[in-house]
Amino acid sequence: MELILAVVIALVVAVAVTSGLVISGRKKKQLPPAEPPSTTPTITAPPAEPHVGDEAETPREEPRRTVEEVDLPTAEEAVETPAALEDPVVAEAPPAPEIEVPEPTAGRLVRLRARLARSQNSLGKGLLTLLSREHLDEDTWEEIEETLLTADVGVAPTQELVDRLRERVKVLGTRTPDELRDLLREELVALLGDYDRTVHTESPEDVPGVVMVVGVNGTGKTTTTGKLARVLVADGKSVVLGAADTFRAAAADQLQTWGDRVGARTVRGPEGGDPASIAFDAVKEGIAEKADVVLIDTAGRLHTKTGLMDELGKVKRVVEKHGPLDEILLVLDATTGQNGLIQARVFAEVVDITGIVLTKLDGTAKGGIVVAVQRELGVPVKLVGLGEGPDDLAPFEPGAFVDALIGD
Ligand code: GDP
């Protein structure tokens, strides 16, 4: 009897141990595989991004490999083997991240009015107040001139505008506030010129449209590239991002975050890597996945003009091995005034700028820089940055811009 009891106890213990092993074994199977290290040159598929909060629930029992332990492929190799990264992970993989639906772009510029309304001395309002004075004497005209110059409009356009206003006010005789507003609106719109402000993202050939974004670091270049991806996605296009700003630490992460939010793939390389090879790989990837547009963020170091020329020139040449660039957008910070114009000049000598993006218009009451920079480069302002929000990038429309400047 004792013997039977001992055998039964032994059997129970054995079953308990075995089932314990099975459970822990199952647990092991539920572990997600090691994630690819984020710093390797790679193409990042947006669905790899976990939800906020997923991290806490996901057991991470496998030690993470350090960058040094990983055999880094070149950016080109990474592009050539995207399938390896795209393979579904495991059944228990985190759910695909929610892809945001960006706002439509139409009418975005209207919000500039609200942002400028906070500032009492916007260019348009200042001019309107001066023009409404009972006596438009020489001193007043000088003040009008001063207002335009202070708002960065530039000397030649200021002179032109003042001459036109003087002439038209004289013809008008008595001036009602509405008449003055209409007159000023017309003249300011005329000063902004009649340009094709389309951002060209369609290639005439059977390849994706390629847009290169250039500008001094800090102007909002990476943010603009990310916002532009959203604009394109909102318009129903598929986008690949090239993180060729390898100079600024975190620029690639920043761009990838923008891309992930709207489901755009980001091609990136190691920090300090060769921007041209990343740009090349991004276009190659865009062609491979039949994307509509490839956006390339570049580094804007104004160390020397030759250095910049070498760097951007190389990126451009290398990208053009796939086909011509469709758009080269120069990003300028509207709050930097004359400094922005100097930057514009240097970049225009280095690459053929086809459009200007003026960022941080929400941060300046001036706005005259739009006129000055177009005159300087003979290239239109195509987009404007109105804030730090993801959809704060608007197509530039002279009428809506002037309405925002003049206010109610
Ligand atoms: P980059 O070095 O040129 O790539 O500059 P970033 O894209 O990192 O932008 C620099 C800073 O400018 C960031 O804090 C952005 O949020 C901010 N920024 C960019 N565009 C705008 C804009 O239109 N308005 C405002 N207020 N801030 C902006």
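This one's a predicted model, so the numbers in the text were calculated from it and none came from an experiment. Numbering of ligands and ligand atoms starts at 1, following listing order.
- No donor-acceptor distance shorter than 3.5 angstrom exists from the side chain of Asp326 to the backbone of Thr201, with no hydrogens or angles considered.
- Set against the non-hydrogen atoms of Asn217, the atoms of ligand 1 under 4.0 Å away are 2 (O), 3 (O).
- Annotation for ligand 1: atoms under 4.0 Å from non-hydrogen atoms of Asp362 are 22 (C), 23 (O), 24 (N), 25 (C), 26 (N).
- Using a non-hydrogen distance threshold of 4.0 Å, Gly363 does not register as a contact of ligand 1.
- Nearest protein heavy-atom contact of atom 18 (N) of ligand 1 is Lys360 CE, 3.8 Å.
- The atoms of ligand 1 that sit less than 4.0 Å from any heavy atom of Val216 are 3 (O).
- Each of Asp253, Asp245, Thr246 was scored for a side-chain hydrogen bond (donor to acceptor under 3.5 Å, both in side chains) with Arg268, with one residue passing: Asp253.
- Looking at atom 1 (P) of ligand 1, its nearest protein heavy atom turns out to be Gly218 N, 3.3 Å.
- For ligand 1, the atoms lying closer than 4.0 Å to a non-hydrogen atom of Thr223 are 6 (P), 7 (O), 8 (O), 9 (O), 15 (C), 19 (C).
- Checked for salt-bridge contact, Glu138 and Arg166 meet the test: a charged N lies under 4.0 Å from a carboxylate O.
- Shown in contact with Gln254 at under 4.0 Å from a heavy atom are these atoms of ligand 1, numbered in order with element: 6 (P), 7 (O), 8 (O).
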Audit row: Trp258, Thr225, side chain to side chain contact (heavy atoms under 4.5 Å, CB included) steps and yes/no: CA-CA 9 Å; Trp258 280 100; Thr225 311; over 6 Å; no
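- Here the OG1-CG distance, from Thr219 to Asn217, works out to 7.0 Å after rounding to the nearest 0.5 Å.
- If you look at Leu386 next to ligand 1, the close heavy atoms, those under 4.0 Å, all belong to the backbone.
- Salt-bridge check for Arg164 with Glu186: failed, with every basic side-chain N at 4.0 Å or more from each acidic carboxylate O.
- Taking 4.0 Å as the cut-off, Gly215 does not count as a neighbour of ligand 1 on heavy-atom distance.
- Annotation for ligand 1: atoms under 4.0 Å from non-hydrogen atoms of Gly220 are 1 (P), 3 (O), 5 (O), 6 (P), 7 (O), 9 (O), 19 (C).
- Of all the heavy atoms in Gly286 and Val240, the pair that sits closest is CA-CG2, 4.0 Å.
- Around CD of Glu349, the count of heavy atoms belonging to other residues, nucleotides or ligands within 6.0 Å exceeds 12.
- The ligand atoms of ligand 1 that sit less than 4.0 angstrom from a heavy atom of Gly385 are 23 (O).
- Given atom 13 (C) of ligand 1, the protein heavy atom at minimum distance is Glu388 OE1, 4.1 Å.
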Evaluation steps, salt bridge (Lys or Arg N to Asp or Glu O under 4.0 Å), between Asp403 and Arg185: CA-CA 7 Å; Asp403 284 342; Arg185 185 182 188 281; 2.6 Å; yes
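- When all heavy atoms of Val239 and Ala264 are compared, the closest pair comes out as O-CB, 3.3 Å.
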Audit row: Asp137, Thr140, side-chain hydrogen bond (donor to acceptor under 3.5 Å, both in side chains) steps and yes/no: CA-CA 5 Å; Asp137 53 17; Thr140 309; 2.6 Å; yes
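- Note: no N/O pair closer than 3.5 Å links Asp245 and ligand 1 by distance alone.
- For ligand 1, none of its N or O atoms has an N or O atom of Thr359 under 3.5 Å away.
- Of the N or O atoms in Asp392, none lie within a sub-3.5 Å distance of an N or O in ligand 1.
- For ligand 1, the atoms closer than 4.0 angstrom to any heavy atom of Thr222 are 1 (P), 4 (O), 7 (O).
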